[in-house]
**Q** 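Here it is, the structure in full.
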Amino acid sequence: MTRLTSRLFLLGGLLLCGSGISDLSAQITPAPPPGEDTGPEFLGFVGILQPLSNLTEDPSTYGTAIPPDLLMGGEVTWWASRVVGIGLMGLYSPAILNPVGGGGLGRNFRSLGEIEYMTGMASLTFRFRSSGSTGLLEPYASVGAGLRRLRFAAQAVPEISATDPAATIAAGLRVSLSESVWLRGEVRDMASFYISAATDRSRLQNDVVITLGLGIR
């Protein structure tokens, strides 16, 4: 079993467990009274990071890319109202770097080295409150901006690090488990700009993040 496969099984188990808990809580948990769901909230999450393009595109090389890998992180949100919240989020992935493209001896799946993937974002989140009587399911959307940092380490080359500006957009669903605990599933796109080594120009990099988190208020 590969490193990613084992982590996908772990994430799938967490999703099934969370789904079962939310089904049970949907039968017993009342909606929070108006005004009681403002203020600070704290969230921890795990998920999968999937970059959508190569990190280098030098035509004289095979290029490099981050394969899908596990990530973890946390978020603090201050809900100014029942609809709008201001949050700070950080995530970390102990990813690896692989060669991609080309052919012959260069085409393989060996790791070129370890790469730490880190982001810090400030964002605005908008909850779409249901007019129903339960209010247990809460869709939301989020937009924000911040920084992405990559740090690459390998035996054959010196350590390399870069910090680039980034923006993010996300959509997800919050499920109330009790008056103070909730489950959150989310899909997020993180777009960052970096300087291409091949062209010395700024390029856009999109990274998709799928997470499952547990929060308290």
**Q** Let me confirm one number: the CD1-CH2 distance from Ile86 to Trp78, rounded to the nearest 0.5 Å.
**A**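 Answer for the CD1-CH2 pair, Ile86 versus Trp78, is 10.5 Å.
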**Q** Between atom OG1 of Thr119 and atom CG of Asp164, what is the distance when rounded to the nearest 0.5 Å?
**A**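 Output value for this atom pair is 12.0 Å.
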**Q** Would you check if Trp182 and Val175 make a side-chain contact, meaning some heavy-atom pair closer than 4.5 Å?
**A**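 A side-chain contact is absent here, since even the closest heavy-atom pair is not under 4.5 Å.
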**Q** Could you report the tightest heavy-atom contact between Arg217 and Ser178, atom names first, then the distance?
**A**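 Heavy atoms of Arg217 and Ser178 come nearest at NH1-O, 4.3 Å.
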**Q** When you compare the side chain of Leu91 with that of Met190, does any pair of heavy atoms fall below 4.5 Å?
**A**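 Result yes, sub-4.5 Å side-chain heavy-atom pair found.
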**Q** Taking Asp189's backbone N and O only, do any of them form a donor-acceptor pair with Thr168's side chain (distance below 3.5 Å, no angle check)?
**A**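 Present.
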**Q** Within 45° of the axis and under 6.0 Å from the centre of the six-membered ring of Trp79, does NZ or CZ of Arg127 qualify?
**A**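 Yes, Arg127 lies over the aromatic ring of Trp79.
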**Q** Checking Ser161 against Arg151 for the side-chain hydrogen bond (donor to acceptor under 3.5 Å, both in side chains) test, could you report, in this order, the C-alpha distance in whole Å, the side-chain angles of both residues, the deciding distance, and whether it holds?
**A** CA-CA 4 Å; Ser161 63; Arg151 189 177 71 85; over 6 Å; no
**Q** Can you confirm whether Leu136 sits close enough to Leu177 that some side-chain heavy atom of one is under 4.5 Å from a side-chain heavy atom of the other?
**A**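 Contact flag for Leu136/Leu177 side chains = no.
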**Q** Evaluate Arg188 against Asp207 for salt bridge (charged side-chain N to carboxylate O under 4.0 Å, His left out), listing each step before the verdict.
**A** CA-CA 8 Å; Arg188 179 178 295 271; Asp207 304 316; over 6 Å; no
**Q** Which heavy atom of Thr163 sits nearest to which heavy atom of Arg149, and what is that distance?
**A**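 Shortest heavy-atom separation between Thr163 and Arg149 comes out as OG1-NH1, 3.0 Å.
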**Q** Shortest non-hydrogen contact from Ala191 to Asn206?
**A**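 Taking Ala191 first and Asn206 second, the nearest heavy atoms are CB-ND2, 3.7 Å.
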**Q** Can you check whether Leu150 reaches Tyr117 side chain to side chain, under 4.5 Å on heavy atoms?
**A**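 Yes, at least one pair of side-chain atoms sits under 4.5 Å.
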**Q** Taking the side chain as C-beta and beyond, is there a heavy-atom pair between Arg184 and Leu43 under 4.5 Å?
**A**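 Contact flag for Arg184/Leu43 side chains = yes.
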**Q** With a 4.5 Å limit on heavy-atom distance, are the side chains of Glu116 and Tyr92 in contact?
**A**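 Heavy-atom side-chain distance check passes, below 4.5 Å.
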**Q** Identify the heavy atoms of Gly185 and Tyr140 that sit nearest to each other, and give their distance.
**A**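 Nearest heavy atoms, Gly185 then Tyr140: O-OH, 4.0 Å.
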**Q** Linking I/L/V/M/F/W/Y whenever any side-chain heavy atoms sit under 4.5 Å apart, do Phe193 and Leu147 land together?
**A**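 No: no chain of side-chain contacts under 4.5 Å links Phe193 to Leu147.
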**Q** Let me check something: do Val76 and Leu212 share a hydrophobic cluster, defined by ILVMFWY side-chain heavy atoms less than 4.5 Å apart, either directly or through other members?
**A**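 Yes, Val76 and Leu212 fall within the same hydrophobic cluster.
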**Q** Would you mind checking if Glu41 and Arg174 are paired as a salt bridge, meaning a charged N to carboxylate O distance below 4.0 Å?
**A**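 Salt bridge between Arg174 and Glu41, a charged N being under 4.0 Å from a carboxylate O: yes.
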**Q** Which pair of heavy atoms, one from Ile48 and one from Pro68, lies closest together, and at what distance?
**A**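 So the two residues come closest at CG2-CB, 4.4 Å.
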**Q** Determine whether Leu71 and Val209 make a side-chain contact, defined as any pair of heavy atoms from C-beta on separated by less than 4.5 Å.
**A**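 With C-beta onward as the side chain, the pair touches.
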**Q** Show the nearest heavy-atom pair for residues Asp69 and Pro94, with the distance to one decimal.
**A**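 In terms of heavy atoms, the two residues are closest at OD2-O, 3.9 Å.
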**Q** Under the criterion side chain to side chain contact (heavy atoms under 4.5 Å, CB included), which of Leu124, Thr125, Ile169 is the partner of Ser142?
**A**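 When Leu124, Thr125, Ile169 are each tested with Ser142, the side chain to side chain contact (heavy atoms under 4.5 Å, CB included) holds only for Thr125.
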**Q** Using 0.5 Å steps for rounding, measure from the CG atom of Leu183 to the OG atom of Ser176.
**A**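 Leu183 atom CG to Ser176 atom OG measures 10.5 Å (nearest 0.5 Å).
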**Q** Between Ile216 and Ser180, does the side chain to side chain contact (heavy atoms under 4.5 Å, CB included) criterion hold? Intermediate values first, please.
**A** CA-CA 5 Å; Ile216 58 173; Ser180 59; 5.7 Å; no
**Q** So how far is it from Phe45 CZ to Glu75 CD, rounded to the nearest 0.5 Å?
**A**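 Phe45 atom CZ to Glu75 atom CD measures 6.5 Å (nearest 0.5 Å).
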